[in-house]
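Would you mind keeping the following structure in view while I ask a few things?
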Amino acid sequence: MRIVSKVFLLFCILSLMSCQKDPQIQAAYDLIERITPGYSQQFSLELIEPENGSDVYEVAGENGKVVLRGNNTVSLATAYNQYLKYHCNAHVSWFGDQLNLPATLPVPVETTHRIINGKYRVYFNYCTLSYTGAWWDWERWQREIDYMAMNSINTPLSVVGLEGVWYNTLLRFGFTDEEARSYLVDPAHFAWQWMPNIESFGGPLPKSWIDSHIALGKQVVNRQLELGMTPIQQGFSGAVPRKMMEKFPEAKIQKQPDWYGFEGICQLDPLDPLFTELGKAFLEEEQKLYGTYGLYAADPFHESKPPVDTPEYLNAVGASIHKLMKTFDPEALWVMQAWSFRKDIASVVPKHDLLVLSLNGALGGEDHFCNHDFVVGNLHNFGGRVNLHGDLPLVSSNQFMKAKQETPNVVGSGLFMESIGQNPVFYELAFEMPVHQDSVKLEEWLNKYAERRYGAFSDAANKAWELLLAGPYRAGTNGVESSSIICARPAVDVKKSGPNAGFNIPYDPQSLIEAEVCLLQDAEQLKGSGPYRFDIVDVQRQIMSNLGQEIHKKAAEAFKKKDKEAFALHSGRFLELLKDVDLLLRTRTEFNFDQWLTDARAWGTTDEERNLFEKNASSLVTIWGGQVDVRQFDYSWREWTGLIEGYYLQRWKQFYDMLQGHLDNGTIYREEDAKMDLGRQAFRANEFYDSLADWELAFVDRPGKARTPVTEGDEVAVARRMLDKYKQLSKEYYNVEKTN
């Protein structure tokens, strides 16, 4: 009996072991269940070997089940996403999903086998985590990490909770709690402290935030690891608090020049003994909180100058940083942004110990970044600005494979936008390109994209995308967004809406009207798709934004001619357009300033903290900072409901009222005398702008600005109403433009 019992027990143990899934497979099943609840049992998942060192996936059918194979969890998640897209005509998006799936999933008849290009598929710019992810909670992070895995991302920048590392490190070096928290900037501006450009702004950072984000950071890293990703974590390149000069007067610490009006940070000389001591402590604290996994980001002298600019000194800097990493972790790989790349630093680092992230896809000159491994990337968005654009022909050409043909040290691809949450078609194609060995037939791809995004075939929708491809998504439309008249700081002759690009519409703006007519033609058939509803709002928003440029030009022209009647007509229409855009965008959560502020306030544990976070969130998308010398204002302009009504519209009202006063009084307003900065009127350029600056600063400081973040109105009905109204009005303005 004892023998039988032992045999039975052994049988039970073996049976239990056979039922347990490999952790990589289980993680993929869990992801499937999160995205499509109740469907995971219809899939059979298997691990296979990589192909010639590359990630690989397969989609097949067997015994009535959908079979997904991959060499790791990211490959399995990629297979799952490709199955949804090309077998179920389904679509997972930042802007809602189109997952109209049958109860029984279709079983593939043939096997699809594909390599996923590149050892590294990198995701995020530091700025992304401020301009978009500053206020994300675990639910939002979990969704994004799943989305990353489904789109082949295996190397995300992962610095959530980095403030906890700094806090603990500074305590070890004699900083008090208040001193450490005062060094850390507010949550909306973390990106620029981590790069590093700034310190001690917008705080002190509450301890509750540090504690909550240590917990969140652990969740983020653990889920990334669970799904088979290798996070890029923060290394140490010598940026230290200014207070270090007081605490360690013997150390070689040099204050850097001011950065866009912010007081300069301090740089600890990498050749000073304190550099190794502090850097080692920093990495130890990072490891204690989150573990460390071999990839360390460090950008010495980013957007600044080294204290000694000689090859010998920079060689020594490179050797010191490399030694710090390798001493701490013998398997360490130094990750550096191409914008921080200095040959004299990089040249002393052994090959394969440095990975360069070419954010904008540059190939690094004749020697291709000193022949170091590098990732060729796309930097499509700046500051979270809302503007239709993106070079789809460039993306479809397969930049990775083209770069690989030119130089073998290209080892991956990356998406390095400063913010997500815009231009979904651009990112959908960019995410998919690693599974293609050649270029993509763009028109064919767009037709399939429209069908799965909208849940049904539509000739009219396909025509719309032909027009959009010939318009905002034509070749040459990557890079810095053209300005928005809605978000521009008012002027008679408006130069731009931020410190970068001016006004330019690189296509016939009337083609967008035609595209919107096509999109709305089959609305009854397509309106069940959330992504479709997003698109009709987004295209209509751009139509109105473009038209606003022409309306303001007429108002400015009337002012110069002292034509009161024409000025009242055109300025009134312009203000009405801003109100209408605000109403249009309130139909969606993605364009909602109230949601942004509410998400920020949700992290506070007291009214004081909630108000602080609201101020931080307000500052980022308006004055960008709040220091005495405001220069970066409107860098992160957003065509958002609530922000238009409460901020941009109010600025334009004040400006037009001022101009009307001059017309009424017969006085002269000379804009030409206004002080200029970064190619536009300075923050306090003249008497009017001085008054406006006071109002803008008060707006940022004022708590309780947010309304309850709800959507109002039906997207189809509101978009159709706005199209009818502004299609008619556009005839007057565009026809007048052509006859002049």
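All figures in this text were calculated on a predicted structure; none of them were measured in a lab. This chain uses plain numbering: 1 for the first residue, then up along the sequence.
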Side chains of Arg223 and Met229, heavy atoms from C-beta outward: is any pair under 4.5 Å?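 No; the side chains remain at least 4.5 Å from each other.
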From Ile116 CD1 over to Tyr57 OH, what is the distance, rounded to the nearest 0.5 angstrom?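 If we round to the nearest 0.5 Å, Ile116:CD1 and Tyr57:OH are 7.0 Å apart.
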For Ser212 and Trp209, indicate whether the former's side chain and the latter's backbone hold a donor-acceptor pair under 3.5 Å.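 Confirmed, Ser212 side chain pairs with Trp209 backbone.
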Sequence neighbours left out, what passes salt bridge (charged side-chain N to carboxylate O under 4.0 Å, His left out) with Glu163? Give chain and number order.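 With sequence neighbours excluded, Glu163 shows a salt bridge (charged side-chain N to carboxylate O under 4.0 Å, His left out) to no residue whatsoever.
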Take Gln399 and Asn378 through the test side chain to side chain donor-acceptor pair (under 3.5 Å) and record every step on the way to the result. CA-CA 9 Å; Gln399 294 162 274; Asn378 255 303; 2.7 Å; yes
Going from CG on Leu278 to CZ on Phe236, what distance comes out if it is rounded to the nearest 0.5 angstrom?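 Interatomic distance, Leu278 CG to Phe236 CZ, rounded to 0.5 Å: 4.0 Å.
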Phe173 six-ring centre to Lys247 NZ/CZ under 6.0 Å and within 45° of normal: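 No, Lys247 does not lie over the aromatic ring of Phe173.
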Less than 4.5 Å apart, side chain to side chain, heavy atoms only: is that true for Ser619 and Trp624?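 No, too far: nothing below the 4.5 Å cut-off.
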Just verifying a value: how many Å separate Leu643 CG and Cys487 SG, rounded to the nearest 0.5 Å?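 One gets 7.0 Å once the value is rounded to the nearest 0.5 Å.
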Check the angle between the aromatic planes of Trp603 and His213 and answer parallel, tilted or perpendicular using the 30° and 60° thresholds.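 Plane angle between 30° and 60°, so tilted.
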Checking His380 side chain against His389 main chain: does a donor-acceptor pair fall under 3.5 Å?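 Yes.
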Check the orientation of Phe613 and Trp135. Use parallel for under 30°, tilted for 30 to 60°, and perpendicular for over 60°.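 Aromatic pair Phe613/Trp135 classed tilted.
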Shortest non-hydrogen contact from Asp329 toward Gly294: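 Closest approach of Asp329 to Gly294, heavy atoms only: OD2-CA, 3.5 Å.
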May I have the step-by-step check of ring-ring contact (aromatic ring centres under 6.0 Å, His included) for Phe374 and Phe341, ending in yes or no? CA-CA 11 Å; Phe374 75 96; Phe341 187 85; 9.6 Å; no
For Lys326, is the NZ atom crowded, meaning more than 12 foreign heavy atoms sit under 6.0 Å from it?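 Result for NZ/Lys326: enclosed.
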When you measure from the side chain of Ser340 to the backbone of Asp299, do you find a donor-acceptor pair of N or O atoms at a distance under 3.5 Å?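 Side chain of Ser340 to backbone of Asp299, a donor-acceptor pair under 3.5 Å: no, none is there.
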Nearest 0.5 angstrom please: Leu620 CG to Gln632 CD, how far?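 Between Leu620 CG and Gln632 CD, I get 11.0 Å after rounding to 0.5 Å.
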Separation of Trp141 CH2 from Trp136 CH2 (nearest 0.5 Å):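 That separation rounds to 5.5 Å.
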Heavy-atom pair of closest approach, residues Pro499 and Phe633: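 Taking every non-hydrogen atom into account, CD-O, 4.0 Å.
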Using the side chain to side chain donor-acceptor pair (under 3.5 Å) rule, take Ser208 and Glu609 through it: C-alpha gap first, then chi angles, then the decisive distance, then the call. CA-CA 9 Å; Ser208 65; Glu609 290 180 2; 2.8 Å; yes
Face-on cation placement of Arg638 at Trp596 ring, 6.0 Å and 45° thresholds: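 Judged by the rule, Arg638 and Trp596 form a cation-pi pair.
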Report the relative orientation of the aromatic rings in Tyr147 and Trp94; use parallel for angles under 30°, tilted for 30 to 60°, perpendicular for over 60°.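 Rings of Tyr147 and Trp94: tilted, as their planes differ by 30° to 60°.
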Phe699: ring pair (Phe, Tyr, Trp, His ring centres under 6.0 Å) partners, not counting sequence neighbours: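 Once residues adjacent in sequence are excluded, the partners of Phe699 under the ring pair (Phe, Tyr, Trp, His ring centres under 6.0 Å) criterion are Tyr647, Trp695.
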What is the minimum heavy-atom distance between Leu333 and Leu354, and which atoms define it?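 Closest approach of Leu333 to Leu354: CD1-N, 3.6 Å.
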Tell me yes or no: between the side chains of Gln193 and Tyr126, is some donor less than 3.5 Å from an acceptor?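 The criterion, which ignores hydrogens and geometry beyond distance, is not satisfied for Tyr126 and Gln193.
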Hey, mind stepping through Glu639 and Arg385 against salt bridge (Lys or Arg N to Asp or Glu O under 4.0 Å) and telling me if it holds? CA-CA 7 Å; Glu639 292 185 357; Arg385 302 162 190 164; over 6 Å; no
Less than 3.5 Å apart, any donor N or O on the side chain of Ser158 or Gln224 sitting next to an acceptor on the other?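 Judged by distance alone, the side chains do pair up.
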How about NZ on Lys85, more than 12 heavy atoms from neighbouring residues, nucleotides or ligands closer than 6.0 Å, or not?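 Yes, NZ of Lys85 has more than 12 neighbouring heavy atoms, counting only those of other groups under 6.0 Å.
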In terms of heavy-atom contacts, does NZ of Lys323 have more than 12 from other residues, nucleotides or ligands at under 6.0 Å?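 Open: at most 12 neighbouring heavy atoms sit under 6.0 Å from NZ of Lys323.
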Hey, are Asp55 and Arg121 close enough for a salt bridge, meaning a charged N less than 4.0 Å from a carboxylate O?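 Yes, Asp55 and Arg121 are salt-bridged.
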Lys243 to Phe175, cation-pi by 6.0 Å centre distance and 45° axis angle: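 No, Lys243 does not lie over the aromatic ring of Phe175.
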Glu285 vs Lys288, test: salt bridge (Lys or Arg N to Asp or Glu O under 4.0 Å). Steps then yes/no. CA-CA 5 Å; Glu285 292 301 325; Lys288 286 177 188 177; 3.2 Å; yes
Would you check if there is a donor-acceptor pair between the side chains of Thr36 and Tyr80 at a distance under 3.5 Å?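 Side chains of Tyr80 and Thr36: pair found under 3.5 Å.
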Look at the side chain of Asp634 and the backbone N and O of Trp637, then say whether any donor-acceptor pair between them is shorter than 3.5 Å.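 Not a single qualifying donor-acceptor pair exists.
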Going through the checks in order, is the side chain to side chain donor-acceptor pair (under 3.5 Å) test met by Asp373 and His352? CA-CA 6 Å; Asp373 293 343; His352 310 303; 3.0 Å; yes
Do you know the tightest heavy-atom contact between Arg631 and Gly261?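 That closest heavy-atom pairing would be CD-N, 4.2 Å.
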Plane angle bin for Trp259 and Phe262 - parallel if under 30°, tilted between 30 and 60°, otherwise perpendicular: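 Taking Trp259 first and then Phe262, their aromatic rings sit tilted (interplane angle of 30° to 60°).
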The test is salt bridge (Lys or Arg N to Asp or Glu O under 4.0 Å); show your working for Asp701 and Lys615 and say whether it passes. CA-CA 6 Å; Asp701 286 344; Lys615 180 179 178 180; 3.2 Å; yes
Is the number of heavy atoms from other residues, nucleotides or ligands within 6.0 Å of CD (Gln26) greater than 12?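 Yes, because the 6.0 Å sphere around CD of Gln26 holds more than 12 heavy atoms from other groups.
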Between Asn611 and Arg601, does the side chain to side chain donor-acceptor pair (under 3.5 Å) criterion hold? Intermediate values first, please. CA-CA 7 Å; Asn611 292 342; Arg601 292 185 64 87; 2.9 Å; yes
Looking only at atom types and distance, does a side-chain atom of Asn117 sit under 3.5 Å from a main-chain N or O of Pro434, one as donor and one as acceptor?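 Answer holds: yes.
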Is there a donor-acceptor contact under 3.5 Å linking the side chains of His189 and Asn616?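 There is no such pair (donor and acceptor under 3.5 Å, judged by atom type) between the side chains of His189 and Asn616.
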Is any side-chain heavy atom of Leu68 closer than 4.5 Å to a side-chain heavy atom of Ile32?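 Touching, per the 4.5 Å side-chain cut-off.
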What are the two closest non-hydrogen atoms of Gly530 and Arg588, and how far apart are they?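 For Gly530 and Arg588, the tightest heavy-atom pair comes out as O-NH1, 3.5 Å.
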Does atom CD of Glu331 have more than 12 heavy-atom neighbours from other groups under 6.0 Å away?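 12 or below, so no.
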Taking Asp30 first and then Arg34, would you say they form a salt bridge - that is, a charged N and a carboxylate O separated by under 4.0 Å?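 So Asp30 does not pair with Arg34 through a salt bridge.
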What is the minimum heavy-atom distance between Val92 and Asp97, and which atoms define it?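 Distance-wise, the nearest heavy atoms are CA-OD1, 3.4 Å.
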Pair Gln422, Tyr427: side-chain N/O donor-acceptor within cut-off below 3.5 Å: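 Looking only at side-chain atoms, Tyr427 and Gln422 do form a donor-acceptor pair, the distance falling under 3.5 Å.
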Establish, yes or no, whether the cationic atom of Arg707 lies under 6.0 Å from the six-membered ring centre of Phe593 and within 45° of the ring axis.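 That pair does not qualify as a cation-pi contact.
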Check the pair Trp166, Phe282 against ring-ring contact (aromatic ring centres under 6.0 Å, His included), reporting the backbone distance first and the verdict last. CA-CA 7 Å; Trp166 267 111; Phe282 177 90; 5.1 Å; yes
Is Ser413 reaching over with its side chain to a backbone N or O of Val376, donor-acceptor style, under 3.5 angstrom?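 Pair absent, no side-chain N/O of Ser413 close to backbone of Val376.
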Find the distance between CH2 (Trp138) and CZ (Arg143) and round it off to the nearest 0.5 Å.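 Answer for the CH2-CZ pair, Trp138 versus Arg143, is 13.5 Å.
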Please collect all side-chain hydrogen bond (donor to acceptor under 3.5 Å, both in side chains) contacts where either partner lies in residues 196-205, sequence neighbours excluded, each pair once.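 Of all non-adjacent pairs touching residues 196-205, none passes side-chain hydrogen bond (donor to acceptor under 3.5 Å, both in side chains).
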